[in-house]
Amino acid sequence: MTATMERTRDVLANWPYPPEGGWTADDLDLLPQDGPNGELDLFKRVELVDGELILMSPQRRFHERVIANLRYLLRAQAPDSLAVATQMDIKIAPRQRPCPDVLVIDAAADDDGVTCYPPSAVRLVVEVVSPESEHRDWKRKPDIFAQAGIPHFWIVEEEHGKPAVHTFELEAHRGQYGSTGIFRGKLALDRPFPVNLDLADLLR
């Protein structure tokens, strides 16, 4: 039995308890899509935050629609040097492997065979807030992304059935994000690349 096979076995041996030594970013590549007891798609959408394996709940239609449309709109405006992905991991540290809803990455780092990207290749991360992710999206993930040096961070939340986008840029001297605006109706920014959005298009 190879070391990888042994680790895969050990990772799930005492599910739902974590493996010996806790979960690591590399463990996520060993997880099957279905759970060890036949739970369909149990590990289809997971992320690792502070060493905690987070099983993400089913998406609301608002969440899914915003992600799909934002990816399309950003791809249409991004320069050739950048690519846009959805729900791909960023491998930040041994116990930090978050899975943002939308990512803008260096095109040179894009590859159909990867399961995650290094933070150095990421220009923008976007989280679409859902009830179960609200605390992580607003409180914990900004710190994780800022400490990883990711220059831009957006949060999309629902306000009275419409999207509102909160945008942030990394202030390197502070190691934290500073607000660059709250956008309702229209969004126009010069960084990380010139982008103009009619936010009503996020729900089409």
Side-chain angles (χ1 to χ4, degrees), residues 2-60 63-64 67 71 83-106 109-156 168 170 175-177:
T2 67
T4 298
M5 292 173 63
E6 289 182 0
R7 179 59 180 173
T8 302
R9 181 197 61 192
D10 293 344
V11 159
L12 296 175
N14 296 307
W15 175 260
Y17 301 104
E20 183 177 355
W23 297 102
T24 70
D26 291 334
D27 288 337
L28 270 64
D29 287 324
L30 304 177
L31 294 174
Q33 182 162 297
D34 297 334
N37 301 310
E39 305 94 337
L40 294 177
D41 292 338
L42 181 66
F43 299 121
K44 185 176 181 179
R45 297 183 64 241
V46 298
E47 61 182 344
L48 188 72
V49 176
D50 297 331
E52 180 182 355
L53 190 68
I54 297 171
L55 306 178
M56 289 175 272
S57 61
Q59 299 181 79
R60 294 187 306 131
H63 193 271
E64 186 274 338
I67 291 172
R71 177 186 187 182
V84 183
T86 57
Q87 297 177 329
M88 289 288 293
D89 296 355
I90 306 173
K91 193 174 180 181
I92 293 175
R95 301 196 182 279
Q96 302 288 9
R97 185 168 162 169
C99 182
D101 290 317
V102 181
L103 307 85
V104 174
I105 58 175
D106 294 332
D110 202 16
D111 186 290
D112 287 343
V114 303
T115 60
C116 58
Y117 298 106
S120 59
V122 181
R123 303 289 136 234
L124 165 69
V125 291
V126 184
E127 294 288 3
V128 182
V129 176
S130 58
E132 59 89 20
S133 71
E134 184 174 6
H135 178 78
R136 291 192 303 276
D137 291 344
W138 278 108
K139 300 298 183 182
R140 187 64 188 111
K141 284 189 176 180
D143 288 341
I144 294 171
F145 295 142
Q147 290 166 13
I150 295 171
H152 298 274
F153 174 56
W154 297 359
I155 289 182
V156 183
F168 303 88
L170 183 63
Q176 295 179 341
Y177 289 113

Peer 1: Tell me, please, which residues at least two apart from Tyr117 pass ring pair (Phe, Tyr, Trp, His ring centres under 6.0 Å).
Peer 2: none
Peer 1: Is any side-chain heavy atom of Val126 closer than 4.5 Å to one of His152?
Peer 2: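 A side-chain contact is absent here, since even the closest heavy-atom pair is not under 4.5 Å.
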Peer 1: Below 4.5 Å, heavy atoms only, C-beta onward: do Pro98 and Phe145 meet side chain to side chain?
Peer 2: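 In short, these two side chains touch, coming nearer than 4.5 Å.
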Peer 1: Roughly how far apart are Glu39 CD and Asp34 CG, rounded to 0.5 Å?
Peer 2: 8.5 Å
Peer 1: Measure the OG-CE distance between Ser133 and Met56 for me, rounded to the nearest 0.5 Å.
Peer 2: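 Ser133 OG to Met56 CE: 9.5 Å, rounded to 0.5 Å.
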Peer 1: Test: salt bridge (Lys or Arg N to Asp or Glu O under 4.0 Å). Region: residues 146-155. Which pairs qualify, not counting sequence neighbours?
Peer 2: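 Checked against salt bridge (Lys or Arg N to Asp or Glu O under 4.0 Å) - neighbours excluded - no pair reaches residues 146-155.
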Peer 1: Identify the heavy atoms of Gly175 and Ala146 that sit nearest to each other, and give their distance.
Peer 2: O-CB, 3.5 Å
Peer 1: Treating Asp101 as the side-chain partner and Val128 as the backbone partner, does any N or O pair qualify as donor plus acceptor under 3.5 Å?
Peer 2: yes
Peer 1: Show me the pairs that pass salt bridge (Lys or Arg N to Asp or Glu O under 4.0 Å) and involve residues 109-126, at least two apart or across chains.
Peer 2: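 The answer is Asp106-Arg123.
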Peer 1: Measure the SG-CZ distance between Cys99 and Arg45 for me, rounded to the nearest 0.5 Å.
Peer 2: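 One finds 7.0 Å between SG of Cys99 and CZ of Arg45.
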Peer 1: If we ignore hydrogens and angles and just use 3.5 Å, is the side chain of Glu134 paired with the main-chain N or O of Glu132 as donor and acceptor?
Peer 2: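 Judged by distance alone, no pair lies under 3.5 Å.
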Peer 1: Do Asp137 and Pro142 make a side-chain contact, defined as non-hydrogen atoms from C-beta onward lying under 4.5 Å apart?
Peer 2: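 With C-beta onward as the side chain, the pair stays apart.
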Peer 1: Measure the CH2-CD distance between Trp138 and Glu127 for me, rounded to the nearest 0.5 Å.
Peer 2: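 Reported value, rounded in 0.5 Å steps: 11.5 Å.
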Peer 1: What are the two closest non-hydrogen atoms of Ala25 and Ala93, and how far apart are they?
Peer 2: CB-O, 3.6 Å
Peer 1: How long is the straight-line distance from NE2 of His135 back to NZ of Lys141, given to the nearest 0.5 Å?
Peer 2: 12.0 Å
Peer 1: Is there side-chain contact between Leu42 and Leu55, with at least one heavy-atom pair below 4.5 Å?
Peer 2: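 A side-chain contact under 4.5 Å exists here.
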Peer 1: Begin with the C-alpha distance, continue with both residues' side-chain angles, and end with the deciding distance and a verdict on side chain to side chain contact (heavy atoms under 4.5 Å, CB included) for Val84 and Leu103.
Peer 2: CA-CA 6 Å; Val84 183; Leu103 307 85; over 6 Å; no
Peer 1: Do Tyr177 and Asp143 have side chains that get closer than 4.5 Å, going by heavy atoms?
Peer 2: no
Peer 1: Please step through side chain to side chain contact (heavy atoms under 4.5 Å, CB included) for the pair Arg140 and Val49, ending with a clear verdict.
Peer 2: CA-CA 9 Å; Arg140 187 64 188 111; Val49 176; 4.0 Å; yes
Peer 1: Check Ile90, Val104, Leu170, Leu124 against Ile150 for a side chain to side chain contact (heavy atoms under 4.5 Å, CB included) and give me the one that passes.
Peer 2: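 Looking at Ile90, Val104, Leu170, Leu124, the match for Ile150 under the side chain to side chain contact (heavy atoms under 4.5 Å, CB included) is Ile90.
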Peer 1: Show, in sequence, the C-alpha distance, side-chain angles and deciding distance for Ile155 and Val129, and conclude whether the side chain to side chain contact (heavy atoms under 4.5 Å, CB included) test is met.
Peer 2: CA-CA 7 Å; Ile155 289 182; Val129 176; 3.4 Å; yes
Peer 1: Considering only heavy atoms from C-beta outward, does the side chain of Leu31 approach that of Leu53 to under 4.5 Å?
Peer 2: yes
Peer 1: Listed by chain and number, what are the side-chain hydrogen bond (donor to acceptor under 3.5 Å, both in side chains) partners of Gln176, not counting sequence neighbours?
Peer 2: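 Checked Gln176 against side-chain hydrogen bond (donor to acceptor under 3.5 Å, both in side chains); matches are Arg174.
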Peer 1: Pair Ile67, Gln87 - check side chain to side chain contact (heavy atoms under 4.5 Å, CB included), show working.
Peer 2: CA-CA 9 Å; Ile67 291 172; Gln87 297 177 329; 3.7 Å; yes
Peer 1: To the nearest 0.5 Å, tell me how far Ile92 CD1 sits from Cys116 SG.
Peer 2: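 That separation rounds to 10.5 Å.
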Peer 1: Decide, yes or no, whether a salt bridge links Glu47 with Arg97 under the criterion of side-chain N to carboxylate O below 4.0 Å.
Peer 2: no
Peer 1: Do Pro151 and Phe168 have side chains that approach each other closer than 4.5 Å (heavy atoms only, starting at C-beta)?
Peer 2: no
Peer 1: Could you work out, with side-chain hydrogen bond (donor to acceptor under 3.5 Å, both in side chains) as the rule, every residue matching Gln33, not counting sequence neighbours?
Peer 2: Asp41
Peer 1: Taking 4.0 angstrom as the limit, do Arg95 and Asp50 come out as a salt bridge?
Peer 2: no
Peer 1: Filter on side-chain hydrogen bond (donor to acceptor under 3.5 Å, both in side chains), then keep only pairs touching residues 11-27, sequence neighbours left out; what's left?
Peer 2: Arg7-Asp27, Thr24-Asp27, Asp26-Lys91
